[in-house]
Amino acid sequence: MIIRQPLKVRTPEEVLGLISALAVAIFAVIIIALLYFGRDILVPVALAILLSFVLAPLVAQLQRLRAPRGLAVVSVVVLAFVVIFTLGSLLATQLTQLASELPNYQSTMSNKIQSFRDTKAGRGTLERASDMLKDLGKELDKPKEPEAARLPSGLRTNSSVPVTPIPVEVRQPDPGALDSLRTLISPLIHPLATTGIIIIFVIFILLQREDLRNRLIRLAGSSDLQRTTAALDDAAYRLSRLFLTQLALNGGFGVVIGVGLWFIGIPSALLWGILAAALRFVPYIGAVIAAAFPLALAAAVDPGWSMLIWTLALFLVVEPLLGHVIEPMVYGRSTGLSPVAVVVSAAFWTALWGPIGLVLATPLTVCLVVIGRHVERLEFLDVMFGDRPALSPAEIFYQRMLANDPTEAAEKAEEFLKERSLIAYCDEVAVKGLQLAQADADRGALAYDRLATIRDAVAELTADLSDQNDGPLAKRETTSDPEAASAVDSSASSGAIDTIPILSKDNLAEGWRSEQPVLCVAGRTPIDEAAAVILAQLSSAHGLGAKVSGAEALSTANVIKLEPAGVAIACLIYIGNSGVAHMRYSVRRLKRRLPKARLMLVCCATDVDQEAAKVLQEATKADLVAASMGEAVRMCVEVAQAKASQQVPLKQQNTATNVA
């Protein structure tokens, strides 16, 4: 008997998700089909858009000089296409000259190949196999013998008169004037039509720039008109600056290559300079392709090898210098693409639009990324193609702690510390990552062993960063790591404290000169203990030795084991809001055991601000309350560096500290 399983009933949310995914797939297929079949129109439009970004600053400059907008647009467009046509004519002239000289280089290449073969010590197995294949090919290519020659001698006819074929000559009638004109014009129709479309679209885009921007805002559908307008204006400015800078750098690369090849003696150096400037718009492989042609020509022209070596050295010096030294200084971190996105976009646009798609791949993808960074509904473009991390810095930190990978986290932290302080890293990256872990723990998504893994990974991370200087920021180098740069940008306006001084033994108050005057106690969970380790490391980095106790130290049986000697302040750390009752009882137990020490409650929960901190201080009776690691370290440093003669009663001093 066959038992049929009942069909699984899908929820409306699942059905809606399947329909949405299917709609997105169909829409993507339609877009790709439109890009492919409409390339005759879309390629000129794409070229016009990119040219408009390059020419827009020049039009704006003429308008500042009181030129009418129409006159400024037409003048700039005419000048640009005059330059393009001039370069095209020079390119055609150089190609014609090179084609006429190529037969002269054939003998040089033959002699080089023969000399290279003569240097071998004998005929090897591969060379003999090659000769055998050539002989076999000659046998196969022999003309067939006449049918009579293959017959036996007894069957051959006695006729010895050869059969002479009748020659046939086909003559075309002389073309008329109309046919000659059609033959001359037909190859030029498509390029001229494409050029005309580009000119018309460039003029239209430059004249109607604001109207097109408003229409794009309407399509974006943003409810915040002011924010979207400012974002699109900023995107247009960044793209114009990027393309102008890229044009200038690639043009300079072409000039240097052309002049260098001219000094070396490569024929048609102007041609190779223009080609190098154009091909350098193609990422990764453009410079390699541009170098291949001059290298082959150098090998064909020079009987020796010196010209080839000099040409190779020219490209090996100029390209890395421009790509790894000059470009990072000029571009900085703006509008970056991920390497995977560059390769994928190059393959995609080449498959759709051919060689012109390969040249346009990077500029088009840059446009998509910049728009994705500024238009909320198109943010997925930045996630897909941008070089910025898909996850936030806090999420990346949390993921690495879960994977027990503190080494990589330490490497990224060192890049972050090139521009920001250690306290800023702990507050903006590490603590926020621990807050995500605590949120997962509160909803039961993390087992205790995973919490212990996070705690141990954080302890190892702080050990790796123990030699980092956390003094006031001076001149520091800029990070080039995209992930660290994203973390720096996200924390640039966070208000994290970067100027807390580092204390020495000489300017510490009485009671703070012990080896470990700061005691960091975890509030409740291993995540709190990880935060305690971070606070202890920050205190040590600012001249205050610290030690850490786990959450088990707060129990009635273990609190008596705490050693009060040398402790000037006890910091009770909570990452999550574990309840006022638990905090109050923990503060009370610590005060009983450490009667001479101050008690600071450090609550780094996401919903704790300055007002909530005051409420917590009143409810828990803590001496000090801090809502971040930076604030906790600042309070400790301020109290520790006070002179003994200036100390005031405890209640007044607590009030002054909180007001500060």
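- With hydrogens and angles ignored, the 3.5 Å screen pairs a side-chain donor or acceptor of Q435 with a backbone N or O of C604.
- Side-chain N or O atoms of D464 include none that pairs as donor or acceptor with a backbone N or O of L461 at under 3.5 Å.
- The distance from the OG atom of S549 to the NZ atom of K561 is 11.5 Å, given to the nearest 0.5 Å.
- T350 contributes no side-chain N or O that, together with a main-chain N or O of A347, makes up a donor-acceptor pair within less than 3.5 Å.
- What you find for C571 and L535 is that their closest heavy atoms are CB-CD2, 3.8 Å.
- Taking a 6.0 Å sphere around CZ of R593, one finds it holds more than 12 heavy atoms contributed by other residues, nucleotides or ligands.
- Annotation: side chain of L601 is in contact with side chain of M583 (closest heavy-atom distance under 4.5 Å).
- Closest heavy-atom contact between Y448 and P526: CE1-CG, 3.5 Å.
- Between I527 and R455 the shortest side-chain heavy-atom distance does not fall below 4.5 Å.
- For the pair Q246 and L249, the minimum side-chain heavy-atom distance is 4.5 Å or more.
- In this structure, the side chains of H582 and Y574 come closer than 4.5 Å at one or more pairs of heavy atoms.
- The only option from D427, V633, L417 that meets the side-chain contact (heavy atoms from CB on, under 4.5 Å) definition with L422 turns out to be L417.
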Open item on the list: Applying salt bridge (charged side-chain N to carboxylate O under 4.0 Å, His left out) to E618 and K614, what does each step give before you reach the verdict?
Closed with: CA-CA 6 Å; E618 294 177 358; K614 293 181 180 179; over 6 Å; no
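- Nearest heavy atom pair, residue V625 against residue M635, reads O-CE, 3.3 Å.
- In this structure, the side chain of S514 engages the main chain of G566 through a donor-acceptor pair within 3.5 Å.
- For the atom pair CD of E529 and CG of L451, the computed distance is 11.0 Å after rounding to the nearest 0.5 Å.
- In summary, the side chains of T453 and D456 do not present any donor paired with an acceptor at a separation below 3.5 Å, with no hydrogens or angles considered.
- A salt bridge links K418 with E415: the distance from a Lys NZ or Arg NE/NH1/NH2 to an Asp or Glu carboxylate oxygen falls below 4.0 Å.
- Minimum heavy-atom separation, N558 to E552: ND2-O, 2.9 Å.
- Checking side-chain atoms of E631 against main-chain N and O of A627 turns up a donor-acceptor pair under 3.5 Å.
- For the pair H542 (side chain) and V637 (backbone), a donor-acceptor distance under 3.5 Å is absent.
- A salt bridge is absent between E408 and K412: the closest approach of a Lys/Arg side-chain nitrogen to an acidic carboxylate oxygen does not fall below 4.0 angstrom.
- Residues S539 and A546 share a closest heavy-atom pair of CB-CB, 4.1 Å.
- Atom CG of residue L562 and atom NZ of residue K547 lie 7.5 Å apart, to the nearest 0.5 angstrom.
- Between the CD atom of E638 and the CG atom of L624 there is a distance of 10.0 Å, given to the nearest 0.5 Å.
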Task: Derivation of the side-chain contact (heavy atoms from CB on, under 4.5 Å) call for D528 and Q438 - done: CA-CA 9 Å; D528 297 335; Q438 187 62 53; 4.1 Å; yes
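- When atom types are taken as modelled, the side chain of E419 and the backbone of F416 share no donor-acceptor pair closer than 3.5 angstrom.
- In this structure the side chain of Q537 never reaches within 4.5 angstrom of the side chain of S540, judged on heavy atoms.
- In this structure a side-chain-to-backbone donor-acceptor pair under 3.5 Å is missing from D440 to A445.
- Using modelled atom types, no side-chain atom of R598 and backbone atom of D623 make a donor-acceptor pair closer than 3.5 Å.
- Of the inter-residue distances, the one linking C520 atom SG with I573 atom CD1 reads 4.5 Å to the nearest 0.5 angstrom.
- The heavy-atom pair separating A522 from A532 by the smallest distance is N-CB, 4.2 Å.
- With contacts defined as side-chain heavy-atom distances shorter than 4.5 Å, the pair I569/C636 qualifies.
- Atom NZ of K596 has 12 or fewer heavy atoms from other residues, nucleotides or ligands within 6.0 Å.
- Judged by distance alone, the side chain of R589 and the main-chain N or O of L554 form a donor-acceptor pair under 3.5 Å.
- For the pair V567/Q516, no side-chain contact is recorded, criterion being any heavy-atom separation below 4.5 Å from C-beta on.
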- [ ] Decide yes or no on side-chain contact (heavy atoms from CB on, under 4.5 Å) for L599 and L594, but give the supporting numbers first.
- [x] CA-CA 9 Å; L599 207 296; L594 308 171; 5.5 Å; no
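- The closest side-chain heavy-atom distance from I32 to F348 is below 4.5 Å.
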- [ ] Evaluate side-chain contact (heavy atoms from CB on, under 4.5 Å) for L434 paired with Y398, printing each intermediate quantity in order.
- [x] CA-CA 7 Å; L434 294 180; Y398 176 32; over 6 Å; no
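- Put simply, OH on Y425 and CD1 on I534 are 8.5 Å apart, with the number rounded to the nearest 0.5 Å.
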Open item on the list: Between Q399 and L402, is the side-chain contact (heavy atoms from CB on, under 4.5 Å) condition met? List the steps.
Closed with: CA-CA 5 Å; Q399 184 270 331; L402 275 175; 5.6 Å; no
